2 protein chains.
Amino acid sequence: MNGRFAISMHILTLLAQANGEWLSSDFLAGSININPVLVRKELINLRNKGLLISREGKNGGSMLAKSAAQIRVSDIFLATRQGAFLGTSRNNPNPNCPVGKQITQHLNGLYQEAEEALLHKLGDTTLEDFSHRFN
Amino acid sequence: MNGRFAISMHILTLLAQANGEWLSSDFLAGSININPVLVRKELINLRNKGLLISREGKNGGSMLAKSAAQIRVSDIFLATRQGAFLGTSRNNPNPNCPVGKQITQHLNGLYQEAEEALLHKLGDTTLEDFSHRFN
DNA sequence: CATTAATGTAATTTATATTGTTACAGTTTT
DNA sequence: AAAACTGTAACAATATAAATTACATTAATG
């Protein structure tokens with residue numbers, strides 16, 4: 001998918017299983033096995049998207065902003081994709097070619113349809129469902 | 001999606017509209033506006049996947065191996081994705097954490113489901129359908 | 001049979017995107 | 001005041017993708 005999606009799923013699964021405990025970015029980073037700063041950057045993003053809350057200072061950390069049953073995997077997907085997901089075509093097809101002139105537009109249409117199908121599928125699973133798979 | 005998918009769609013759309021003409025890699029590269037060597041690499045791949053045929057030497061080029069109606073966009077997607085598409089998680093979560101130990105497996109399950117939904121959707125459109133959108 | 005116009009392919013470089021690191025300021029609890 | 005956190009900027013390293021160069025090979029054609 002996207003490295004950030006995997007990190008966010010990991011973070012949120014840990015939070016879902018934390019039962020009201022504030023988990024520190026260092027603890028999360030230890031489970032994911034990545035640098036704590038990357039975790040904090042992801043935490044900031046997920047917080048901005050309303051999926052978790054954080055507390056600064058000693059005994060600080062993060063916890064879910066709502067119950068895991070209210071968070072769909074598609075929400076997490078949407079929260080972590082940067083702009084386009086399928087696309088970012090920084091290509092400049094030849095505008096003098098009938099195909100080149102239109103291809104970007106038609107590919108984008110295709111990407112949009114595909115993404116909708118993907119989102120629909122990911123909307124079937126909640127974070128709670130996912131987190132229960134670890135039992 | 002993937003830069004190679006876009007290139008392949010572009011190549012195949014041009015071939016679909018070529019009506020039995022052999023198109024050269026230089027011509028294709030001119031429409032896509034990328035280096036001809038990249039096009040040839042993609043042509044090799046698409047040929048190995050049975051989507052087109054090529055002819056060497058003077059007046060050589062490529063053409064579709066079958067009618068555009070027989071090629072689904074999902075075939076092209078499958079032909080261009082390298083190994084995993086959603087995934088390639090070269091991350092090593094902490095095996096001493098109950099979540100870290102299992103997350104890769106569960107994410108892969110999710111990716112597989114998502115990819116199936118995507119493929120199903122892309123299977124609804126043929127290269128012919130796509131190519132007709134340029135009229 | 002030499003010329004020309006193609007493909008095939010390896011090796012290398014360049015560009016871009018992703019991921020990781022360091023350092024330190026700010027916040028809150030004790 | 002000390003300790004344990006988060007927040008964030010600036011930078012470094014790595015990985016991936018794209019482009020380039022160079023040349024061998026193939027086949028048509030005059």
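Sequence lines set the chain letters: A, B, ... in the order given, protein chains first and strands last, and positions in each chain run from 1. The shown structure was predicted, so the numbers you read here are calculated from the model rather than taken from an experiment.
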What is the distance, rounded to the nearest whole Å, between atom [atom1] of [X] and atom [atom2] of [N]?
{"X": "I53(A)", "N": "dT6(D)", "atom1": "CD1", "atom2": "C1'", "value": "14 Å"}
{"X": "E21(A)", "N": "dC5(D)", "atom1": "CD", "atom2": "C1'", "value": "15 Å"}
{"X": "I7(A)", "N": "dT18(C)", "atom1": "CD1", "atom2": "P", "value": "12 Å"}
{"X": "I11(A)", "N": "dT6(D)", "atom1": "CD1", "atom2": "P", "value": "11 Å"}
{"X": "I44(A)", "N": "dT6(D)", "atom1": "CD1", "atom2": "P", "value": "11 Å"}
{"X": "N92(B)", "N": "dT14(D)", "atom1": "CG", "atom2": "P", "value": "16 Å"}
{"X": "L38(A)", "N": "dT8(D)", "atom1": "CG", "atom2": "C1'", "value": "13 Å"}
{"X": "N48(A)", "N": "dT6(D)", "atom1": "CG", "atom2": "C1'", "value": "14 Å"}

Which of parallel (below 30°), tilted (30 to 60°) and perpendicular (above 60°) describes F5(A) and Y111(B)?
-> tilted
Evaluate the side-chain proximity of C97(A) to L14(B): yes if any heavy-atom separation is below 4.5 Å, no if none is.
-> yes
With V73(A) as reference, evaluate T125(A), D124(A), L119(A), L78(A) under the side-chain contact (heavy atoms from CB on, under 4.5 Å) test and give the passing residue.
-> T125(A)
What's the spacing between I7(B) CD1 and N2(B) CG if we round to 0.5 Å?
-> 8.5 Å
To the nearest 0.5 Å, what is the distance between NZ (K66(B)) and CG (L51(B))?
-> 6.0 Å
Using atom names, set out every protein N or O paired with an N or O of nucleotides 22-26 of chain D below 3.5 Å, distance rounded to 0.1 Å.
{"unit_1": "dT26(D)", "atom_1": "O4'", "unit_2": "E56(B)", "atom_2": "OE1", "d": "3.0"}
{"unit_1": "dT26(D)", "atom_1": "O3'", "unit_2": "E56(B)", "atom_2": "OE1", "d": "3.3"}
{"unit_1": "dT26(D)", "atom_1": "O2", "unit_2": "G57(B)", "atom_2": "N", "d": "3.3"}

Within residues 22-36 of chain A: residues closer than 4.0 Å to DNA chain C (heavy atoms) = I34(A), N35(A)
Any residue meeting side-chain hydrogen bond (donor to acceptor under 3.5 Å, both in side chains) with S31(B), in chain and number order, not counting sequence neighbours | H10(B)
Name the residue closer to the 5' end of DNA chain C, choosing between N59(A) and R55(B) according to the nucleotide with the nearest heavy atom.
-> R55(B)
Is atom CD of E128(A) surrounded by more than 12 heavy atoms (other residues, nucleotides or ligands) closer than 6.0 Å?
-> yes
